[in-house]
Amino acid sequence: MNKSLSTLGLAMRAGRVLAGDDTVLKAVRSGEAKLVILAVDAAANAQKKYRDKCSHYQIPLVEYGTRLELGAAVGKVNRVVLAVTDDGFAGRIAQGLAKPAEVEEH
C-alpha cells in the first residue's frame with residue numbers, strides 16, 4: 001500500500017478524516033477541510049462539484065485511487081471523497097499523493 005494511504009489510515013484512526021458527500025462539503029465550506037481526496041472513479045458530476053468547491057474555498061484537492069482503494073485505506077467500504085482536517089496529516093498525504101513534476105531535458 002502507498003505510504004500516503006497508510007498515513008490516511010492513521011489520520012482516520014486519529015479522528016482527522018471525514019467521509020461522505022454532505023460531511024465533506026460542510027467541512028470545505030467551513031474551512032475545516034485542509035485537503036480533499038477524490039477517487040479517480042468518482043462520477044463526473046462529483047468531480048466537477050468538488051473541483052469547483054475546493055477551488056472556490058481554496059482547499060487543496062487531490063484525485064487519487066479508486067473508491068475501493070480509498071475505502072480500504074480508511075477501513076470502510078467504497079469511499080469516493082475524503083477530507084483531512086489536520087494540517088500535518090494533510091501536508092504529508094498531499095506530498096505523497098502528488099505526482100512528481102516531469103523534468104524536461106534539453
Side-chain angles (χ1 to χ4, degrees):
M1 184 187 289
N2 179 309
K3 185 176 178 184
S4 292
L5 291 181
S6 297
T7 304
L8 185 60
L10 181 63
M12 182 71 173
R13 290 189 295 281
R16 301 291 187 238
V17 175
L18 302 174
D21 192 48
D22 292 340
T23 307
V24 171
L25 278 178
K26 191 183 295 183
V28 168
R29 288 185 187 118
S30 71
E32 183 184 5
K34 307 303 180 199
L35 172 69
V36 173
I37 303 167
L38 183 65
V40 295
D41 59 352
N45 61 341
Q47 290 177 2
K48 181 180 180 347
K49 175 171 62 175
Y50 282 102
R51 284 185 193 125
D52 291 350
K53 288 288 182 199
C54 289
S55 174
H56 178 77
Y57 290 98
Q58 298 180 336
I59 307 290
L61 171 72
V62 175
E63 293 182 43
Y64 185 85
T66 65
R67 59 186 70 212
L68 288 171
E69 291 170 329
L70 292 182
V74 297
K76 306 280 184 191
V77 177
N78 292 355
R79 292 293 180 241
V80 173
V81 65
L82 301 169
V84 181
T85 60
D86 178 85
D87 284 318
F89 280 126
R92 285 192 304 233
I93 292 166
Q95 186 176 24
L97 295 181
K99 295 181 180 116
E102 293 198 19
V103 179
E104 230 180 85
E105 290 186 28
H106 295 285

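Quick note: numbers below take in every heavy atom, side chains included, and nothing from hydrogens, waters or symmetry partners.
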Inset, instruction - Calculate, to the nearest 0.5 Å, the distance between atoms CD1 and OG belonging to Ile93 and Ser6 respectively. - result: 10.0 Å
Inset, instruction - Among Ile, Leu, Val, Met, Phe, Trp and Tyr joined by side-chain contacts under 4.5 Å, find the other residues sharing a cluster with Tyr50 and list them by chain and number. - result: Val24, Leu25, Val28, Val36, Leu38, Tyr57, Ile59, Leu61, Val80, Val81
Legend entry - Where Arg79 and Ala39 come nearest, the two heavy atoms and their spacing: O-CB, 4.2 Å
Inset, instruction - Can you measure from CG (Leu68) to CG (Asn78) and round to the nearest 0.5 angstrom? - result: 4.5 Å
Legend entry - For Lys34 against Pro60, the heavy-atom pair lying closest together: O-CD, 3.2 Å
Legend entry - With sequence neighbours excluded, residues passing side chain to side chain contact (heavy atoms under 4.5 Å, CB included) with Arg16: Ala11, Ala14, Thr85, Asp86, Phe89
Inset, instruction - To the nearest 0.5 Å, tell me how far Leu5 CG sits from Leu70 CG. - result: 7.0 Å
Legend entry - Lys49 and Asp21, any side-chain heavy atoms less than 4.5 Å apart: yes
Inset, instruction - Quick one: closest heavy-atom pair of Val84 and Ala90, and the distance? - result: CG1-N, 3.6 Å
Legend entry - Euclidean distance, Glu69 CD relative to Asp41 CG, rounded to 0.5 Å: 8.5 Å
Legend entry - Glu32 vs Leu18, side-chain contact (heavy atoms from CB on, under 4.5 Å): CA-CA, chis, key distance, verdict: CA-CA 10 Å; Glu32 183 184 5; Leu18 302 174; 4.1 Å; yes
Legend entry - From Lys26 atom NZ to Arg29 atom CZ, the distance as rounded to the nearest 0.5 Å: 9.5 Å
Legend entry - Residue pair Gly96 / Ser4: nearest heavy atoms and the distance that separates them: CA-OG, 2.9 Å
Legend entry - Partners meeting side chain to side chain donor-acceptor pair (under 3.5 Å) with Lys48 (sequence neighbours left out): Asp52
Inset, instruction - Could you tell me which non-hydrogen atom of Arg92 sits nearest to which non-hydrogen atom of Thr7, and how far apart they are? - result: NE-CG2, 4.1 Å
